[in-house]
Protein chains: 2
Amino acid sequence: MNTKGNKPARGRPKTMSRDHVLKIAVESYWAEGPTGVSINEICRRAGVSKPGIYREFGNEDGLKVAALQAYQTTFLAPLGDILTDDLPFGQALQALTDFVLLDHKAHGLPDGCLQVAMCRSKDELGMHARQSADKFREQTLFALEQWIERAKSKGQFASNIPSRTVALYIDAQIASAMELQKQGVAQDELERVFKLALSVFS
Amino acid sequence: MNTKGNKPARGRPKTMSRDHVLKIAVESYWAEGPTGVSINEICRRAGVSKPGIYREFGNEDGLKVAALQAYQTTFLAPLGDILTDDLPFGQALQALTDFVLLDHKAHGLPDGCLQVAMCRSKDELGMHARQSADKFREQTLFALEQWIERAKSKGQFASNIPSRTVALYIDAQIASAMELQKQGVAQDELERVFKLALSVFS
DNA sequence: AGCTTAAAATACTGATGGGTATTTATTTAT
DNA sequence: ATAAATAAATACCCATCAGTATTTTAAGCT
């Protein structure tokens, strides 16, 4: 909430930057998996003491929740926008393709998707991180579903396949594409695969 | 190789069953992930001492290799058969669907796919387990590719999409379906999603 | 200056991890 | 009987983990 907002009346001034720690945590969990990095290691990388982390985030679960939410708002917001912007269906599909083909390596960011990774390693996570991941997944599936519903009602999606089914399918295609990216599949190959996946709609 | 084949001339007779330990290991890694269960825990579950495991499998990496290979031959062989049986394309697609829709829970087995899980947690694995997972993945992609090539040459697959692209796509659909199963998605919903995925070929 | 407040850093705890040294038990060969 | 061989079981080693108690440092307040 406040990284700098209200300075307390007295006491030793805070030197640890919550945002800096979060950035390190997001990139670490993103690159190495939510269970692949320890708090000790994150402390080392962020140049911060362990009690500092615990004062700021409570416990490991709290850090993971904060990292996941930071990831969601920073890197997954564009996806939500595409689905709620009410674009013509074909245009939205193109935007989806662009989103998926974003070359993270070019921006110095890991491949893959932290949200997907958290969902997958659900049972090695704390309660709150699990809940946060589940909730976001639900919201995304719902947004996909509503988007398909709208496309149907606008006559841009001619099919009697249940919207929920289509939502699950598209969600899976996005996750798969990001997985392929992580595996090092070339961008043009990735594009062919994803466009093949979307070709079910034409 | 030999669980009982050659009995050594002398020494205390072996009581530990390699197959029993492997069965426990496969199910444990399958259900909880290749990094989600420790050797200590597998010892407990198998009712076997730790040095016993190390005598039999060398180290953790060796146990994972053995478990993965047991999984591959036991549960993934049918997939390979479908691809090499030279069935008519439509029939092979149906067999693929049946394979994916196998209800593991009904057989008391975990959902998801250990092979896929191993590939995904590659960088938390030992060298040999990683190599074994990679190799099997390559073989599967190659089998898929050849299968598509054959369908093309038989005129049952009319498209100019590269076979490698199609192979990556189908591989992703199988993995996605197993992931959905693990998430508890209903069988009929799963079937709709998978058939939607395969509808790109008709 | 001295007191209070709060964060930083160090050092610790107990549990668990992978892996192993050592001892004990059970067999065959002499 | 005893020695050799081999597996089983116990007990251990050291690293690392999540989490915490304790002390030190740096500020404001009086």
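Proteins come first, then strands; the chains are lettered A, B, ... in the order of their sequence lines, and each starts at number 1. As the structure is a computational prediction, the values presented were derived from the model and not from experiment.
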TODO: Hey, could you give me each pair passing salt bridge (Lys or Arg N to Asp or Glu O under 4.0 Å) that has a residue in residues 28-43 of chain A? Not counting sequence neighbours.
DONE: A:Glu32-A:Arg45, A:Glu41-A:Arg44, A:Glu41-A:Arg45
- [ ] To the nearest Å, give me how far apart CD1 (B:Ile39) and P (C:dT20) are.
- [x] 10 Å
Open item on the list: So, taking the atom named CD1 in B:Ile39 and the one named OH in B:Tyr54, what distance separates them when rounded to the nearest 0.5 Å?
Closed with: 3.5 Å
Task: Euclidean distance, atom CD of residue A:Glu41 to atom P of D:dT16 [Å, nearest integer] - done: 10 Å
Task: Salt-bridge contact A:Glu124-A:Arg130 (side-chain N to carboxylate O under 4.0 Å) - done: no
Task: Global bending angle along the helix from C:dA1-D:dT30 to C:dT30-D:dA1, which compares the axes of five pairs at either end, to 10 degrees - done: 30°
Taking only distance into account, with no hydrogens and no angle test, what donor-acceptor pairs under 3.5 Å do side-chain atoms of residues 88-100 of chain B form with protein atoms, sequence neighbours excluded?
from: B:Gln94; atom 1: NE2; to: B:Asp98; atom 2: OD1; distance (Å): 2.9
from: B:Thr97; atom 1: OG1; to: B:Leu93; atom 2: O; distance (Å): 2.9

TODO: Answer yes or no: does a side-chain N or O of A:Ser38 lie under 4.0 Å from OP1 or OP2 of D:dC17?
DONE: yes
Open item on the list: I need the CD-C1' distance between B:Glu124 and C:dG18, as an integer number of Å.
Closed with: 15 Å
Task: Proximal nucleotide (of D:dC17, D:dG19, C:dG19) relative to the B:Tyr54 side chain - done: C:dG19
Open item on the list: Please enumerate all residues that pass salt bridge (Lys or Arg N to Asp or Glu O under 4.0 Å) together with A:Arg55, with sequence neighbours excluded.
Closed with: none
Task: B:Phe201 and B:Phe157 aromatic ring geometry - parallel, tilted or perpendicular at 30°/60° bounds - done: tilted
- [ ] Check the distance between D:dA9's P and B:Glu56's CD and give it to me in whole angstrom.
- [x] 14 Å
Open item on the list: Measure CZ/A:Arg10 against C1'/D:dA27 and give the value in whole Å, please.
Closed with: 10 Å
TODO: Using only side-chain N and O atoms of B:Arg44, determine if any of them is under 4.0 Å from OP1 or OP2 of C:dG17.
DONE: yes
- [ ] Indicate the atoms forming the closest heavy-atom contact of A:Met16 with A:Val48, along with that distance.
- [x] SD-CG1, 3.2 Å
TODO: Could you say whether A:Gly58 or A:Asn40 is positioned toward the 5' end of DNA chain D, judged by the nucleotide with the nearest heavy atom to each?
DONE: A:Asn40
Task: Polar side chain donor-acceptor pair, B:Arg137 to A:Gln183, under 3.5 angstrom - done: yes
TODO: Assign a letter to each nucleotide of nucleotides 8-15 of chain C from its 5' end: B, base within under 4.0 Å of a protein heavy atom; S, sugar-phosphate only; -, no contact.
DONE: BBB-----
Open item on the list: Output the rounded distance in Å from CD (B:Glu60) to C1' (D:dT16).
Closed with: 14 Å
Identify all side-chain donor-acceptor contacts of residues 161-168 of chain A below 3.5 Å with residues at least two apart in sequence or on another chain.
from: A:Ser163; atom 1: OG; to: A:Glu149; atom 2: OE2; distance (Å): 2.7
from: A:Ser163; atom 1: OG; to: A:Lys152; atom 2: NZ; distance (Å): 3.1
from: A:Arg164; atom 1: NH1; to: A:Glu145; atom 2: OE1; distance (Å): 3.3
from: A:Thr165; atom 1: OG1; to: B:Glu189; atom 2: OE1; distance (Å): 2.5
from: A:Thr165; atom 1: OG1; to: B:Arg192; atom 2: NE; distance (Å): 3.2

